[in-house]
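Read the structure below first, then the notes.
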Amino acid sequence: MNSSDKYKRIWKTVQQIPPGFVASYGQIADLAGLPGRARLVGKALGFVPKEMRVPWFRVLRSSGQLAFAPGSQSAQTQKGLLQEEGVVVINNRVRLKDFQWQPDLAELLFKLEY
DNA sequence: GTATTGACTTCAT
DNA sequence: AATGAAGCCAATA
């Protein structure tokens, strides 16, 4: 499995996050079958082809913090996109207790087949 | 081969 | 709650 296959796998997993919910980098890595590779998820999201619509903004740190520096252009963009779908962002962070995605594993694995 | 780099995580202050 | 060190590990160089 080369690195580009892993990126695709990560992108497909992120595409399963429903609007209005968020997931952590580590969580995506686990779900994509790449446990311990949270940092790889971040890298992959930086390489998303723009024609492939991937909701990168629904991915946060395990603490609920946005991965970007508060006030940065990226952080503001991410905050805006999240709030558009009803996710509350306060002080650069989201309450995971309220918005964390909890996928049905069987359904997720099925979707990743495609 | 070794070294560096992260859109990270966890644990200990 | 905030900060920092240590751990992490594939991808790059």
Side-chain angles (χ1 to χ4, degrees):
Chain A
M1 191 185 227
N2 59 36
S3 62
S4 120
D5 285 334
K6 289 179 187 164
Y7 291 159
K8 287 185 208 158
R9 179 88 187 208
I10 290 167
W11 297 330
K12 280 198 276 187
T13 304
V14 172
Q15 285 178 323
Q16 307 308 316
I17 307 174
F21 291 85
V22 299
S24 78
Y25 292 92
Q27 184 184 359
I28 293 302
D30 287 350
L31 294 173
L34 302 166
R37 262 51 83 69
R39 307 186 84 140
L40 186 60
V41 172
K43 196 167 295 193
L45 291 184
F47 289 157
V48 173
K50 73 172 194 294
E51 69 272 15
M52 183 185 294
R53 285 180 305 291
V54 175
W56 57 271
F57 55 87
R58 296 185 190 133
V59 185
L60 316 171
R61 291 189 180 160
S62 61
S63 60
Q65 291 255 109
L66 305 205
F68 300 104
S72 68
Q73 184 59 68
S74 297
Q76 302 236 356
T77 302
Q78 183 171 18
K79 174 177 175 177
L81 289 166
L82 286 172
Q83 290 187 148
E84 275 181 39
E85 20 183 83
V87 176
V88 178
V89 182
I90 300 171
N91 293 330
N92 214 59
R93 114 197 285 176
V94 170
R95 274 199 177 292
L96 293 183
K97 192 179 175 198
D98 296 336
F99 299 106
Q100 185 162 209
W101 178 41
Q102 319 215 316
D104 176 85
L105 285 212
E107 182 183 346
L108 174 66
L109 292 177
F110 174 74
K111 288 183 176 171
L112 288 179
E113 294 294 316
Y114 293 90

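First the proteins, then the strands, lettered A, B, ... as listed; each starts at 1.
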For the residue pair [X] and [Y], establish whether any side-chain heavy-atom pair is separated by less than 4.5 Å.
X       : Y      : value
W11(A)  : V48(A) : yes
V54(A)  : I10(A) : no
L108(A) : L31(A) : yes
V22(A)  : V59(A) : no
T77(A)  : Q73(A) : yes

Please say yes or no: joined through hydrophobic side-chain contacts below 4.5 Å, possibly via intermediate residues, are [X] and [Y] part of one cluster?
X       : Y       : value
L109(A) : L34(A)  : no
F57(A)  : M52(A)  : yes
L105(A) : L112(A) : yes

Practice item. Please list residues of residues 66-77 of chain A whose heavy atoms come under 4.0 Å from any atom in DNA chain B, ordered by number; otherwise none. Key: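 Of all residues in residues 66-77 of chain A, the ones placing a heavy atom under 4.0 Å from DNA chain B are A67(A), F68(A).
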
Practice item. Would you indicate what S63(A) reaches in the nucleic acid, counting non-hydrogen atoms under 4.0 angstrom: base, sugar-phosphate, or nothing? Key: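 Since no nucleic acid heavy atom lies under 4.0 Å of S63(A), the category is nothing.
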
**Study point:** Residue N91(A) excluded, over 12 heavy atoms near CG under 6.0 Å
**Key:**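 No, because the 6.0 Å sphere around CG of N91(A) holds 12 heavy atoms or fewer from other groups.
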
Exercise for review: Write down the distance between CD (Q65(A)) and C1' (dA1(C)), rounded to a whole number of angstrom.
Suggested key: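 Answer to the nearest Å: 11 Å.
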
All N/O pairs under 3.5 Å across the protein-nucleotides 11-13 of chain C interface:
from, atom 1, to, atom 2, distance (Å)
dA11(C), OP1, K6(A), NZ, 3.4
dA11(C), O3', Y7(A), OH, 3.4
dT12(C), OP1, Y7(A), OH, 3.3

Review point. Which ring pair (Phe, Tyr, Trp, His ring centres under 6.0 Å) pairs, counting each pair once, include a residue from residues 13-50 of chain A, with sequence neighbours left out?
Key: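 Passing the test, one end in residues 13-50 of chain A: Y7(A)-F47(A).
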
**Study point:** Summary of ring pair (Phe, Tyr, Trp, His ring centres under 6.0 Å) pairs that have at least one residue in residues 66-104 of chain A, sequence neighbours excluded
**Key:**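 Sorted pair list comes back empty.
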
Contacts under 3.5 Å, N or O only, protein and nucleotides 2-5 of chain C:
none

Review point. Nucleotide range of DNA chain B contacted by chain A, 5' to 3', under 4.0 Å to a heavy atom?
Key: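 Contact boundaries, 5' end first: dG6(B) to dT10(B).
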
Check your understanding: To the nearest 0.5 Å, how far apart are CD in Q76(A) and CG in N92(A)?
Key ->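 Here the rounded value is 9.0 Å.
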
Point to revise | Reference residue R58(A); test side chain to side chain donor-acceptor pair (under 3.5 Å); the match among Q78(A), E85(A), Q15(A) | key: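 Single side chain to side chain donor-acceptor pair (under 3.5 Å) partner of R58(A) among Q78(A), E85(A), Q15(A): E85(A).
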
